[in-house]
Amino acid sequence: MSKERYVVERVQTGLRIEKKMLKVLKALAEYHDLSLGDLVEGIVLHAFDGKQAFGEKSLARIADLKRIYELELDASASHKMVDRT
């Protein structure tokens, strides 16, 4: 495992995201003792490299959290969500 560190410039952003999805992400970040930003950066970097961001244990935890927060969306909902009026 690499101990190399990268100096980056982070910016604050007003990201809009589905409410239950955010609850799952926050809980997952807490589970891994990460900030929400660090978790999202890791997911994005893995996606950019065409790699899976989570192992079996984390995927099982995500399934539990989706059940707890009643998140029924999956990848098939991507780019098809509309705001509730």
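All residue numbers in this chain count up from 1 along the given sequence.
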Got a donor-acceptor contact below 3.5 angstrom from the His32 side chain to the Leu28 backbone? no
Neighbour count >12 (heavy atoms, 6.0 Å) for atom NZ, Lys26: no
Any Met81 side-chain heavy atom under 4.5 Å of Met21 side chain: yes
Measure the spacing between NZ of Lys19 and CD of Glu70 and express it to the nearest 0.5 Å. 11.5 Å
Search all heavy atoms of Lys20 against all heavy atoms of Tyr69 and return the closest pair with its distance. CD-O, 3.4 Å
Hey, does Arg10 have a side-chain heavy atom less than 4.5 Å from the side chain of Glu41? yes
Where Leu39 and Leu25 come nearest, the two heavy atoms and their spacing: CD2-O, 3.4 Å
Could you state the interatomic distance from CG (Leu59) to CD (Gln52), rounded to the nearest 0.5 Å? 5.0 Å
Would you say that Leu65 contacts Tyr31 through its side chain, given a criterion of any heavy-atom pair below 4.5 Å between the two side chains? no
Does the side chain of Leu71 reach to within under 4.5 Å of the side chain of Lys23, using non-hydrogen atoms? no
Are Leu45 and Ile62 linked, directly or through intermediate hydrophobic residues, by side-chain heavy-atom contacts shorter than 4.5 Å (ILVMFWY only)? no
Working note: Val40 + Leu15, criterion side-chain contact (heavy atoms from CB on, under 4.5 Å); need CA distance, chi angles, decisive distance, verdict. CA-CA 12 Å; Val40 171; Leu15 179 74; 5.7 Å; no
Just checking Asp33: does its CG atom have more than 12 heavy atoms from other residues, nucleotides or ligands closer to it than 6.0 angstrom? no
Would you please name every residue forming a side chain to side chain contact (heavy atoms under 4.5 Å, CB included) with Lys80, sequence neighbours left out? none
